[in-house]
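Structure first, commentary second.
Positions are given from 1, in the same order as the sequence printed here. Just so we're clear, the structure is a prediction, and the values are computed from it rather than from any experiment.
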Amino acid sequence: MSKTLEDLITRRFQDVTVSEAGHINTAEFLEAAEGVVKLFGTKVREKSLSNPSDPTVYDTLQKIITAEAKEGDRTATQGLLWLKRGLELTAMALKRSLENQKETLSESFTEAYNKTLKQYHGFIVKKMFGVAMLACPDRETFYKKIGGDNEGAHEQLLAWVTALQGLLNELNIFYASGAFDKGL
């Protein structure tokens, strides 16, 4: 029996709690982000976000960022910023893959990279990304991992990507509101 996207992830982005004020639950977001690791077999940089010392103070991502701004230590803010950027790349690439079914995953990820992360990277990292794309799974292998290259799997993946993009939009608005990404 083939696995589905739901089998690979413990929490979907569409199940992450967002308060009426737009604050995103920290533990749930990080649990959903771990799903990216299971999809691609890579490490998500979250070390500075995990295991907050006081869960009531840091129960939303926005509270972590606000607290760090007051304390002058922006370690978690920077870690979340890079996690957010990496997830933006992933969301854009997967959405592109769903919309352009004749395109290879490598092409989808390269186009997404050009629009998201490339601007933050120097010459060497840009070249390393190109080399990494040589190891990108082919479309058939990737979609087989999440239940096949079929309408049902595409609908699940699109729901996941859409929910992720909604959370990222909330974070982008928050980062911009306080210029929390300035200098990072």
Query raised in the report: According to the side-chain hydrogen bond (donor to acceptor under 3.5 Å, both in side chains) rule, which pairs have a member within residues 173-184, sequence neighbours left out?
Result: none
Requested in this report: Enter the distance from I9:CD1 to I146:CD1 here, rounded to the nearest 0.5 Å.
Outcome: 9.5 Å
Query - N/O donor-acceptor pair under 3.5 Å between T66 side chain and Q62 backbone - result: yes
Report task. Enter the distance from W82:CH2 to L87:CG here, rounded to the nearest 0.5 Å. Result -> 13.0 Å
Query raised in the report: Taking atom CD of E71 as the centre, does the number of heavy atoms from other residues, nucleotides or ligands within less than 6.0 Å exceed 12?
Result: yes
Report task. Would you indicate whether the side-chain heavy atoms of L94 and L158 approach each other to under 4.5 Å? Result -> no
Query raised in the report: Would you say T26's side chain and L61's backbone share a donor-acceptor pair under 3.5 angstrom?
Result: yes
**Report entry** Student check: side-chain heavy atoms of R11 and V16 closer than 4.5 Å
**Finding:** yes
Requested in this report: Examine distances only and state if a side-chain atom of R139 and a backbone atom of S97 form a donor-acceptor pair shorter than 3.5 Å.
Outcome: yes
Query raised in the report: Is the side chain of E68 donor-acceptor paired with the backbone N or O of T77 at a distance under 3.5 Å, no angle test?
Result: yes
Query - Side chain to side chain, F29 and T60, heavy atoms closer than 4.5 Å - result: no
Query raised in the report: G148 and A153: which non-hydrogen atoms are nearest, and at how many Å?
Result: O-CB, 3.0 Å
Residues 118-130 side chain polar contacts: donor-acceptor under 3.5 Å, at least two apart:
residue, atom, partner, partner atom, Å
Q119, NE2, T116, O, 3.2
H121, ND1, Y113, OH, 2.7

Query raised in the report: Counting heavy atoms not belonging to Q14, are there more than 12 under 6.0 Å from its CD?
Result: yes
Report summary line: Rounded to the nearest 0.5 angstrom, the CD-CZ distance for E31 and F13 is 10.5 Å
Query - Distance-only donor-acceptor check, side chains E107 and T104, under 3.5 Å - result: yes
Query raised in the report: Less than 4.5 Å apart, any side-chain heavy atom of E88 and any of N172?
Result: yes
Query raised in the report: Regarding D149 and H154, is there a side-chain donor-to-acceptor distance under 3.5 Å anywhere?
Result: yes
Requested in this report: Report yes if some heavy atom in the side chain of L167 is under 4.5 Å from a heavy atom in the side chain of I24; otherwise report no.
Outcome: yes
Requested in this report: Could you pull out the closest heavy-atom pair between E103 and S108, with the gap in Å?
Outcome: OE1-OG, 2.7 Å
**Report entry** Gap between atom CG of N169 and atom CG of L164 - 0.5 Å precision
**Finding:** 9.5 Å
**Report entry** Connected via hydrophobic side-chain network under 4.5 Å: L171 and M92
**Finding:** no
Requested in this report: Compare every heavy atom of M133 with every heavy atom of T110, then report the nearest pair and how far apart it is.
Outcome: OG1-CG, 3.5 Å
Report task. With rounding to the nearest 0.5 Å, note down the distance linking OG1 in T141 to CG in D138. Result -> 3.5 Å
**Report entry** Value rounded to 0.5 Å, distance of CG in L89 from CG in L168
**Finding:** 11.0 Å
Query raised in the report: Near K95 NZ, under 6.0 Å, is it more than 12 heavy atoms from other residues, nucleotides or ligands?
Result: no
Report task. Look only at the side chain of N100 and the backbone of R96, and say whether a donor-acceptor pair between them is shorter than 3.5 Å. Result -> yes
Query raised in the report: What are the two closest heavy atoms between F180 and R74, and how far apart are they?
Result: O-NH1, 3.6 Å
Query - Min side-chain heavy-atom separation I65-L80 under 4.5 Å - result: yes
Requested in this report: Please examine the side chains of F109 and N114, heavy atoms only from C-beta on, and report whether any two atoms are closer than 4.5 Å.
Outcome: no
